[in-house]
Amino acid sequence: MHDFIMDEDSKLWDVICDRPFIPTKTVGDPAVTIPKTRKEFNDVDRKAIEKNFRAKKILLCGIGPDEYNRISACQSAKEIWEALQTAHEGTTHVKQSKIYMLTTEYELFKMKDDESIQHMHTRFTSIINEFHSLGEIIPRNKLVRKILSVLPSS
């Protein structure tokens, strides 16, 4: 059962990343491939089409009203995913700008005079989590060295 669920999840992810399945047929001479009408769908076509509906439902269940307004006109799970990615990550240029700003914040990071170690660690973790959300991973040994370098000598 577990393998079936993983396989199904993988197929739904394919629909989100690639595109929805569109049933087609071949007609004419020379042969041309065209979309089938709904009346021409068979059981295999319907099952494949359902994957887009399930993927859309999963994406819609995880968003709030503001996000819903952004994606309400999207027809496929792929369009929804791309709209959400752009809204949260921005374009490649925006993403690179965010990474540049975070890098500067990371490099200049210091513990404040009146700050507890717990609060300093929370601020530091927030920066690292932002890096992760943008796909940038900082090696653990580098993070440890950074934390040790900003701690007061006392």
Side-chain angles (χ1 to χ4, degrees), residues 1-109 119-147 149-150:
M1 181 70 175
H2 186 263
D3 288 339
F4 172 75
I5 292 171
M6 292 297 288
D7 186 47
E8 187 65 16
D9 290 346
S10 176
K11 289 177 183 172
L12 291 177
W13 188 242
D14 288 344
V15 168
I16 291 169
C17 291
D18 299 332
R19 61 175 178 74
F21 172 77
I22 299 170
T24 59
K25 64 181 179 181
T26 305
V27 296
D29 187 22
V32 178
T33 303
I34 62 169
K36 288 182 181 177
T37 65
R38 289 187 77 76
K39 291 178 183 175
E40 295 173 310
F41 292 173
N42 58 32
D43 288 342
V44 174
D45 294 336
R46 284 187 185 84
K47 280 190 171 218
I49 287 172
E50 284 175 16
K51 289 184 185 6
N52 186 57
F53 291 119
R54 276 196 297 242
K56 282 174 64 174
K57 184 177 180 183
I58 289 168
L59 291 170
L60 291 172
C61 286
I63 62 173
D66 291 340
E67 258 81 26
Y68 184 79
N69 289 335
R70 277 192 193 112
I71 56 92
S72 60
C74 296
Q75 297 298 309
S76 70
K78 179 178 176 55
E79 287 178 50
I80 292 170
W81 183 248
E82 289 172 348
L84 291 172
Q85 275 186 306
T86 300
H88 291 277
E89 290 181 6
T91 61
T92 305
H93 179 71
V94 171
K95 185 176 176 180
Q96 289 303 317
S97 295
K98 286 179 182 179
I99 291 170
Y100 176 77
M101 289 185 332
L102 278 172
T103 302
T104 302
E105 192 175 347
Y106 173 85
E107 289 171 354
L108 297 176
F109 186 85
H119 188 262
M120 182 267 310
H121 185 265
T122 301
R123 283 190 316 111
F124 187 74
T125 302
S126 178
I127 293 169
I128 301 313
N129 288 342
E130 283 277 334
F131 272 119
H132 276 272
S133 74
L134 295 169
E136 295 291 310
I137 309 300
I138 299 174
R140 188 169 191 75
N141 61 344
K142 190 174 177 183
L143 296 174
V144 170
R145 280 197 307 269
K146 181 66 175 178
I147 285 286
S149 73
V150 299

Point-to-point distance, once rounded to the nearest 0.5 Å, from CD1 of Ile71 to CG of Leu84: 6.5 Å
Is the closest side-chain heavy-atom distance between Arg54 and Lys57 below 4.5 Å? no
Roughly how far, to the nearest 0.5 Å, is the OG atom of Ser97 from the CG atom of Leu102? 11.0 Å
Is Lys78 reaching over with its side chain to a backbone N or O of Asp14, donor-acceptor style, under 3.5 angstrom? no
Selection residues 48-75 - residue pairs positive for ring-ring contact (aromatic ring centres under 6.0 Å, His included), sequence neighbours left out: none
First locate atom NZ of Lys142, then atom CD1 of Ile128, and finally report the distance between them rounded to the nearest 0.5 Å. 9.5 Å
Quick one: does Ser126's side chain have a donor or acceptor within less than 3.5 Å of a partner on Thr122's backbone? no
Hey, is CG on Asn129 packed in by over 12 heavy atoms from elsewhere, all under 6.0 Å? yes
Check whether any side-chain heavy atom of Ile147 lies under 4.5 Å from a side-chain heavy atom of Met120, and answer yes or no. yes
Hey, are the side chains of Tyr106 and Thr103 touching, using non-hydrogen atoms and a 4.5 Å cut-off? no
Tell me every residue that passes side chain to side chain donor-acceptor pair (under 3.5 Å) with Arg46, counting only those two or more places apart in sequence or in another chain. none
Please round to the nearest 0.5 Å and tell me the distance separating atom CD1 of Ile127 and atom CD of Glu105. 4.0 Å
Contacts table for residues 20-36: side-chain donor-acceptor under 3.5 angstrom, sequence neighbours left out:
unit_1	atom_1	unit_2	atom_2	d
Lys25	NZ	Glu40	OE1	3.1
Lys25	NZ	Glu40	OE2	2.5
Lys36	NZ	Asp45	OD2	2.7

Separation of Ile99 CD1 from Glu130 CD (nearest 0.5 Å): 10.5 Å
Would you give the length of the straight line joining atom CD1 of Ile80 to atom CZ of Arg70, rounded to the nearest 0.5 angstrom? 13.5 Å
Taking all non-hydrogen atoms of both residues into account, name the closest pair between Leu59 and Trp81 and its distance. CD2-CE3, 3.8 Å
Smallest heavy-atom separation, Ala55 atom then Ile16 atom, equals CB-CG1, 3.8 Å
Side chains of Arg123 and His119: does their closest heavy-atom pair fall under 4.5 Å? yes
